Amino acid sequence: LDGMVRHGVGAIVFSSTAAVYGEPESIPIAESAPTRPINAYGASKLMFEQLLDWYERLHFVRTMRFRYFNVAGAWPDGSLGEAHNPETHIVPRLLRSMAAGQAVFEVYGDSYPTPDGTCVRDYIHVLDLAQAHRLGLERLAEGGEGGIFNLGSGRGFSNLDVVRTCAEVAGCEVEVRVGPPRAGDPAMLVASSAKIKAELGW
């Protein structure tokens, strides 16, 4: 940010996260919801958002902040995608497990206050996320104001929903094993994307 100010770069698009909300008070989550992260990842993103608040006030830097929900997918022909090592996201973990011929897949916890006891998440395709970035960059390049926007589909799917659907599409039998819940995992994160649709035409 200091480098931006020194060199006259007056706008930034920041990739934030739904984890800034922590355990939400209501679903779907609007951008005006309280930010109370319950894990270090969400806290670190919120800290940077707070820095952006100061740079807006002190240096007039315009900021566009996208709070991602669960991003999934790749380039349609499979030539470009994200790879983590170790992998923590459920969709690539599950697909990798099925591709390796493993018939047992572990989900983290089944005692959350959700319909089937597993965490519920909102999934957004990476190409839809990329389109949002393009729209945000165009807004800033035209001199428009920044803002905070959720990026999600507005629909929630449980971990068991995801396992069943991926297994059905892949034509595989998958046995689910329940492991311990992960610390800092909210029970349910589902976006309201009404604001970005209204303001940026996403």
Side-chain angles (χ1 to χ4, degrees), residues 1-75 80-82 84 88-89 119-156 182-202:
L1 291 171
D2 286 339
M4 286 175 57
V5 171
R6 280 197 306 273
H7 295 284
V9 178
I12 183 173
V13 176
F14 177 60
S15 299
S16 191
T17 174
V20 300
Y21 296 116
E23 288 285 359
E25 294 176 351
S26 61
I27 298 290
I29 305 167
E31 290 84 353
S32 57
T35 49
R36 296 184 294 239
I38 60 172
N39 56 50
Y41 177 67
S44 71
K45 290 285 193 177
L46 185 59
M47 286 177 197
F48 197 78
E49 286 201 35
Q50 291 165 343
L51 279 175
L52 292 174
D53 289 337
W54 283 106
Y55 276 76
E56 283 184 339
R57 292 177 204 164
L58 298 176
H59 300 291
F60 309 105
V61 172
R62 290 172 299 129
T63 72
M64 185 75 65
R65 309 170 204 186
F66 291 131
R67 290 176 177 168
Y68 299 1
F69 283 66
N70 281 43
V71 184
W75 201 256
L80 184 64
E82 187 176 32
H84 296 125
T88 59
H89 297 159
C119 291
V120 171
R121 295 291 183 266
D122 182 331
Y123 291 85
I124 174 177
H125 196 277
V126 67
L127 295 186
D128 295 323
L129 181 140
Q131 184 199 36
H133 274 261
R134 181 179 61 80
L135 292 168
L137 286 166
E138 288 173 353
R139 161 76 75 87
L140 293 175
E142 292 163 0
E145 293 184 3
I148 298 172
F149 298 98
N150 289 336
L151 294 182
S153 68
R155 300 175 62 198
R182 293 189 301 189
D185 262 354
M188 187 175 294
L189 291 173
V190 180
S192 167
S193 294
K195 182 180 177 186
I196 190 170
K197 291 176 183 177
E199 293 192 21
L200 298 184
W202 184 59

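Keep in mind the model is a prediction, meaning the values are calculated, not measured.
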Please check: side-chain N/O of S193 versus main-chain N/O of G152, any donor-acceptor pairing under 3.5 Å?
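It does hold such a pair.
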
Ignoring hydrogens and geometry, is there a side-chain-to-backbone donor-acceptor pair from H7 to V9 under 3.5 Å?
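Judged by distance alone, no pair lies under 3.5 Å.
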
Contact check, side chains of [X] and [Y], non-hydrogen atoms, under 4.5 Å:
X: Y55; Y: T63; answer: no
X: D53; Y: R65; answer: yes
X: R121; Y: P186; answer: yes
X: L189; Y: F69; answer: yes

Restricting to non-hydrogen atoms, name the atom on [X] and the atom on [Y] that form the minimum distance, rounded to 0.1 Å.
X: V20; Y: R67; value: CG2-NE, 3.6 Å
X: G156; Y: V190; value: CA-CG2, 3.7 Å
X: P37; Y: G42; value: CB-C, 3.6 Å
X: K45; Y: T17; value: CG-CG2, 3.4 Å
X: I38; Y: D185; value: CD1-C, 4.2 Å

Using the side-chain contact (heavy atoms from CB on, under 4.5 Å) rule, take R139 and E199 through it: C-alpha gap first, then chi angles, then the decisive distance, then the call.
CA-CA 10 Å; R139 161 76 75 87; E199 293 192 21; 3.9 Å; yes

Roughly how far apart are [X] [atom1] and [Y] [atom2], rounded to 0.5 Å?
X: M47; Y: L52; atom1: CE; atom2: CG; result: 14.0 Å
X: H59; Y: L1; atom1: NE2; atom2: CG; result: 8.5 Å
X: L151; Y: S16; atom1: CG; atom2: OG; result: 10.0 Å
X: E82; Y: W75; atom1: CD; atom2: CH2; result: 15.0 Å
X: T35; Y: E49; atom1: OG1; atom2: CD; result: 7.5 Å
X: I29; Y: I27; atom1: CD1; atom2: CD1; result: 4.5 Å

Taking ring-ring contact (aromatic ring centres under 6.0 Å, His included) as the definition, give me every residue that meets it alongside Y123, ordered by chain and number, with sequence neighbours left out.
none

Of all residues at least two apart in sequence or in a different chain, which pass the ring-ring contact (aromatic ring centres under 6.0 Å, His included) check with H89?
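Residues passing ring-ring contact (aromatic ring centres under 6.0 Å, His included) with H89: H84.
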
Show, in sequence, the C-alpha distance, side-chain angles and deciding distance for Y21 and N150, and conclude whether the side-chain contact (heavy atoms from CB on, under 4.5 Å) test is met.
CA-CA 11 Å; Y21 296 116; N150 289 336; 2.7 Å; yes

What pairs with R62 under salt bridge (charged side-chain N to carboxylate O under 4.0 Å, His left out), at least two apart in sequence or on another chain?
none

Flag yes if more than 12 heavy atoms outside E145 fall under 6.0 Å of its CD atom; otherwise flag no.
no

Determine, step by step, whether W202 and Q131 satisfy the side-chain contact (heavy atoms from CB on, under 4.5 Å) criterion, reporting the C-alpha distance in whole Å, the side-chain angles of both residues, the deciding distance to 0.1 Å, and the verdict.
CA-CA 8 Å; W202 184 59; Q131 184 199 36; 3.2 Å; yes

Evaluate E31 against K195 for salt bridge (charged side-chain N to carboxylate O under 4.0 Å, His left out), listing each step before the verdict.
CA-CA 8 Å; E31 290 84 353; K195 182 180 177 186; 5.4 Å; no

Please work out which of the three classes, parallel, tilted or perpendicular, describes the rings of F66 and F149, given edges at 30° and 60°.
tilted

Carefully, step by step, assess S15 and Y68 under the rule side chain to side chain donor-acceptor pair (under 3.5 Å).
CA-CA 7 Å; S15 299; Y68 299 1; 2.7 Å; yes

Side chain to side chain donor-acceptor pair (under 3.5 Å) between D122 and S153, worked out:
CA-CA 6 Å; D122 182 331; S153 68; 2.8 Å; yes

Do R134 and E138 pass the salt bridge (charged side-chain N to carboxylate O under 4.0 Å, His left out) test, and can you show the C-alpha distance, the side-chain angles, and the key distance before you say yes or no?
CA-CA 6 Å; R134 181 179 61 80; E138 288 173 353; 3.0 Å; yes

